[in-house]
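In what follows, a structure is listed as structure tokens, so that the remarks can point back to it.
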There are 2 protein chains.
Amino acid sequence: MTETSTLPTVDRAGPRQTRPRRLVAELIAGRTGHFTAADLAADAQGRGLPLGRATIFRTLELLLGGGALERIDLPDGSHAYVECAPSHHHHAVCSRCGSVVDFDDAELAAVVRAVARRTGFRIDSHRLELFGLCPACQAGERSAG
Amino acid sequence: MTETSTLPTVDRAGPRQTRPRRLVAELIAGRTGHFTAADLAADAQGRGLPLGRATIFRTLELLLGGGALERIDLPDGSHAYVECAPSHHHHAVCSRCGSVVDFDDAELAAVVRAVARRTGFRIDSHRLELFGLCPACQAGERSAG
DNA sequence: GGGCTACATGAGACTCGGTATCATCACCGC
DNA sequence: GCGGTGATGATACCGAGTCTCATGTAGCCC
Ligand SMILES: [Zn+2]
Ligand SMILES: [Zn+2]
Ligand SMILES: [Zn+2]
Ligand SMILES: [Zn+2]
């Protein structure tokens with residue numbers, strides 16, 4: 001075991017840049033609002049592009065880990081993914097078109113602190129999601145009655 | 001079609017009180033913290049009580065609809081159920097023992113309003129969940145190092 | 001109490017999101 | 001280009017939840 005020769009690529013090089021991964025990124029970029037793994041699979045199939053289901057899930061996980069993507073829980077209990085800034089924040093989700101806007105934490109910190117004090121819990125993390133209608137869908141609702 | 005004779009039980013009588021439903025309620029009462037349908041199935045099987053999986057899910061749905069139960073989304077994306085007051089509120093969940101405490105909405109309303117104003121969304125509903133350690137588990141962590 | 005019916009049950013098949021396996025492939029540092 | 005490691009994808013698998021349907025039973029009416 002002479003370390004000098006048996007360790008060709010010891011120092012971590014990060015994830016590889018592959019064609020399927022680029023493809024997933026493209027498909028995500030081509031979407032608006034939240035989406036599921038199945039959505040991406042359908043997109044790929046619709047364009048005749050080969051892309052394994054497992055690869056989609058693995059790439060999503062990779063992007064989640066890198067903070068480029070976040071998973072949200074819809075009111076019906078199902079999951080979806082949204083493109084995201086890596087910093088901590090929360091989401092307002094349009095129930096009609098699925099579009100998502102981020103908002104930050106500022107006022108929520110006070111809520112968290114108050115609950116911690118009252119319950120004795122030590123709060124380590126939290127999740128806040130708002131659901132409603134985005135401005136565009138409100139307009140559409142008003143005119144389409 | 002003489003309505004008088006063909007409508008034996010027209011006026012809604014609500015859900016029936018059956019042995020399996022009582023059993024599910026007992027199993028839930030015997031639990032602490034959040035639980036899954038599989039937990040209840042295991043409980044029933046452990047006690048040698050016959051209880052179909054489908055019935056568990058249907059009874060949970062019934063209780064959800066009645067507001068006696070709520071579904072929460074754990075940080076890992078999985079679902080669990082908690083016994084709950086029917087009024088709107090939120091949950092602080094212990095990541096170690098699964099215990100849940102309710103807290104109300106008061107301060108959050110201001111956050112929701114601020115986000116609505118800034119984003120133009122019309123917010124219809126929201127979900128807030130806090131995760132951390134309950135007082136008991138904090139104590140245990142301190143002593144068990 | 002007995003009959004009746006609509007509702008409830010539960011075995012089992014099925015769906016769907018997600019994971020594990022593993023032989024083959026391709027990125028990339030050399 | 002080579003080579004090894006990490007990536008791919010077909011496929012099997014898993015677990016939560018739903019659907020179907022033949023059978024069971026709560027509960028209303030008498
Ligand atoms: Zn975001
Ligand atoms: Zn919208
Ligand atoms: Zn509650
Ligand atoms: Zn605890």
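The figures here come from the full heavy-atom set of this structure, side chains too, leaving out hydrogens, waters and symmetry mates. Quantities reported herein were computed from a predicted structural model and do not represent experimental measurements. Below, chains carry the letters A, B, ... as their sequence lines are ordered, and counting in each starts from 1.
- Rounded to an integer number of Å, the gap from B/R22 CZ to D/dT25 P is 12 Å.
- One can place CD of B/Q17 at 16 Å from C1' of C/dT9, the figure rounded to the nearest angstrom.
- With contacts defined as side-chain heavy-atom distances shorter than 4.5 Å, the pair B/C84/B/H89 qualifies.
- Taking the side chain as every heavy atom from C-beta outward, A/I28 and A/L60 approach each other to under 4.5 Å.
- One finds the CZ atom of A/R58 at 13.5 Å from the CG atom of A/L63 (value rounded to the nearest 0.5 Å).
- Taking atom CG of residue A/L62 and atom P of nucleotide C/dT19, one finds them 13 Å apart after rounding to whole Å.
- Here the side chain of B/L51 is nearest to one of C/dG10, C/dT9, C/dA6, namely C/dG10.
- The aromatic ring centroids of A/H91 and A/H34 lie 6.0 Å or more from each other.
- Rounding to whole angstrom units, CG of residue B/L40 and C1' of C/dG10 are separated by 16 Å.
- Taking side-chain N and O atoms only, A/H79 has a distance below 4.0 Å to OP1 or OP2 of C/dG18.
- Residue B/T18 places none of its side-chain N or O atoms closer than 4.0 Å to OP1 or OP2 of C/dC7.
- Side-chain atoms of A/R53 lie closest to C/dG17 of the nucleotides D/dA7, C/dG17, D/dA10.
- A donor N or O paired with an acceptor N or O is found under 3.5 Å between the base of D/dT5 and the side-chain atoms of A/R16.
- Nearest-nucleotide positions on DNA chain D place A/P20 closer to the 5' end than the other of A/P20 and B/R19.
- Spacing between atom CZ of B/F57 and atom P of D/dG15 amounts to 12 Å, rounded to whole angstrom units.
- The side chain of B/R21 contributes an N or O atom lying less than 4.0 Å from OP1 or OP2 of C/dA8.
- Between the side chain of B/H79 and the main chain of A/G77, a donor-acceptor pair closer than 3.5 Å is present.
- A sub-4.0 Å separation between OP1 or OP2 of C/dG18 and a side-chain N or O of A/Y81 is present.
- With rounding to whole Å, A/L49 atom CG is found 15 Å from D/dT8 atom P.
- Between the CD1 atom of B/I56 and the P atom of D/dG15 there is a distance of 16 Å, given to the nearest Å.
- Residue side chain B/R58 reaches the base of C/dG10 through a donor-acceptor N/O pair under 3.5 Å, judged by distance alone.
- Checking B/A38 against A/A54, the closest nucleotide of DNA chain D that is more toward the 5' end is the one next to A/A54.
- When rounded to the nearest whole Å, the span between CG of A/D76 and P of C/dT15 equals 20 Å.
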